[in-house]
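Notes for the one structure printed next.
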Amino acid sequence: MNERSEAHRRGDAADVDLLRVFCGPDGGGGNPLAVVLDGAALPGRADRAALAAELGYSETVFLDPPGASTGSTGAADTALNIGDDPAAGAVDIHTPSVRLPFAGHPLVGLAWLLRSSGRPVRSLRPPAGEVAVRYDGDLTWVRARAEWVTARRTERHGSAAEVDALPAPPPGDGWLYAWAWQDEAAGTVRARGFPRRGDNIGEDEATGAAALLLTHQLGRPLDIRQGAGSQLFTRPLPDGTIEIGGRVRAGVPQAP
């Protein structure tokens with residue numbers, strides 16, 4: 001596949017930045033992400049869902065300004081969870097088919113883009129709760145809680161080769177994170193993620209929330225090699241939270 005030269009596109013109602021999150025050491029891989037930094041340009045939840053479905057990435061994330069409104073409908077079921085603290089941006093995350101209270105790769109990507117835009121943050125606020133952010137060289141880290149990860153199942157396999165041999169997606173319903181030890185002593189995991197929710201995402205290239213859940217289950221830092229070339233780092237902290245970190249690059253792969 002060719003690399004799209006531009007990392008920014010203008011939609012009908014909002015500017016969209018395109019990133020790859022959890023890239024490998026060589027800058028390859030990474031899960032595509034669409035970011036709308038000016039959430040006020042597209043305040044309605046239905047419009048956001050439509051844009052996420054049109055773009056077709058695993059997630060599209062919107063950053064809302066303090067005190068933003070939901071737009072002209074005023075309907076109770078379209079209200080957005082907007083924060084009033086400008087130091088903790090309110091974040092709205094959509095897949096092509098559902099809205100999420102928490103997801104790892106949109107938060108890592110958004111935090112990286114804000115720093116690249118000269119606006120580094122210490123925290124972000126998705127509906128699940130406040131997420132601490134830190135930057136360490138080429139890595140961007142977010143801190144979250146395992147209880148925020150719901151409706152996902154991990155499944156251990158005997159070898160990395162078994163994980164690689166799985167069809168995309170495997171038969172069945174519900175979010176599946178298939179994994180095996182690549183080097184147990186070093187904490188290196190081979191993983192693949194399958195949403196299996198009926199939309200166009202047959203396999204998720206890199207999945208922060210599932211990596212967080214697996215780290216919680218294993219209780220140790222992990223170096224996760226997921227998808228075709230992505231890398232995620234995780235580590236449990238004494239307060240019960242878990243950090244998820246990785247590299248981010250501008251631009252997304254373009255279909256051949």
Side-chain angles (χ1 to χ4, degrees), residues 1 4 18-24 28-34 48-61 93-109 126 128 144 146-182 188-218 222-234 242 244 246 248 252-256:
M1 290 190 293
R4 182 179 291 169
L18 305 177
L19 311 175
R20 290 175 294 115
V21 183
F22 299 127
C23 295
N31 196 2
L33 174 69
R48 293 180 176 190
L51 178 62
E54 174 193 344
L55 293 173
Y57 299 123
S58 293
E59 279 98 20
T60 298
V61 61
I93 304 168
H94 290 258
T95 77
S97 58
V98 298
R99 183 174 182 256
L100 299 178
F102 170 79
H105 109 277
L107 296 172
V108 170
E147 55 264 33
W148 294 349
V149 182
T150 60
R152 300 188 186 217
R153 179 171 66 88
T154 64
E155 180 178 86
R156 182 176 178 177
H157 290 257
S159 68
E162 288 184 18
V163 174
D164 289 339
L166 292 171
D173 297 318
W175 230 110
L176 176 67
Y177 200 56
W179 71 279
W181 287 114
Q182 185 168 303
T188 306
V189 165
R190 173 64 177 141
R192 294 173 67 193
F194 306 103
R196 301 193 300 187
R197 59 183 171 232
D199 56 25
N200 65 315
I201 308 299
E203 179 171 356
D204 204 36
E205 171 62 25
T207 316
L212 185 154
L213 178 61
L214 182 62
T215 303
H216 173 72
Q217 292 171 346
L218 297 177
L222 298 176
D223 174 355
I224 300 175
R225 312 300 175 90
Q226 186 177 338
S230 300
Q231 184 175 27
L232 304 83
F233 300 99
T234 67
I242 295 172
I244 315 162
V248 184
V252 299
Q254 187 174 23

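Along the sequence shown, residues carry numbers from 1.
- Closest approach of G246 to F22, counting heavy atoms only: CA-CD2, 3.8 Å.
- The distance from atom OG1 of T60 to atom CZ of R99, rounded to the nearest 0.5 Å, is 13.5 Å.
- Taking CZ from R153 and CG from D173, the interatomic distance works out to 10.5 Å, rounded to the nearest 0.5 Å.
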**OP:** Starting from the C-alpha separation in whole Å, work towards a yes-or-no answer on side-chain contact (heavy atoms from CB on, under 4.5 Å) for L33 and Y57.
**Re:** CA-CA 6 Å; L33 174 69; Y57 299 123; over 6 Å; no
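- Around atom NE2 of H216, no more than 12 heavy atoms belonging to other residues, nucleotides or ligands sit under 6.0 Å away.
- In terms of heavy-atom proximity, H94 sits nearest to A52 at CB-CB, 3.7 Å.
- With hydrogens and angles disregarded, no donor-acceptor distance shorter than 3.5 Å links the side chain of R190 to the backbone of S159.
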Subject >> Verdict with supporting geometry, D204 and W175, side-chain contact (heavy atoms from CB on, under 4.5 Å) >> reply: CA-CA 10 Å; D204 204 36; W175 230 110; 4.0 Å; yes
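- Taking OG1 of T215 as the reference point, atom CD1 of I244 lies at 7.5 Å (rounded to 0.5 Å).
- Closest approach of P96 and D199 over heavy atoms only: CD-OD2, 4.0 Å.
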Original post:
Hey, mind stepping through I201 and T95 against side-chain contact (heavy atoms from CB on, under 4.5 Å) and telling me if it holds?
Top reply: CA-CA 9 Å; I201 308 299; T95 77; over 6 Å; no
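- A side-chain donor-acceptor contact under 3.5 Å links R192 to the backbone of V163.
- With sequence neighbours excluded, the residues forming a salt bridge (Lys or Arg N to Asp or Glu O under 4.0 Å) with R225 are D223, listed by chain and number.
- Taken to the nearest 0.5 Å, the OG atom of S97 stands 5.0 Å off from the CZ atom of R197.
- A 4.5 Å side-chain heavy-atom check between L218 and W179 finds at least one atom pair inside the cut-off.
- Of all heavy-atom pairs spanning A146 and L212, the tightest one is CA-CD2, 3.1 Å.
- H105 places a side-chain N or O within 3.5 Å of a backbone atom of P32 that can act as its donor or acceptor partner.
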**OP:** Kindly determine whether W181 and V189 satisfy side-chain contact (heavy atoms from CB on, under 4.5 Å), including the steps that lead there.
**Re:** CA-CA 5 Å; W181 287 114; V189 165; 3.6 Å; yes
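- Shortest non-hydrogen contact noted between G158 and E162 is N-OE1, 3.1 Å.
- Of all heavy-atom pairs between G202 and P169, the closest is O-CB, 3.7 Å.
- Note that CG of L214 is 7.5 Å distant from OG1 of T234, once rounded to the nearest 0.5 Å.
- A distance-only check finds a donor-acceptor pair linking the side chain of R196 to the backbone of P171 [under 3.5 Å].
- Side chain of Q226 to main chain of T207: a donor-acceptor pair is present (N/O by atom type, distance under 3.5 Å, no hydrogens or angles).
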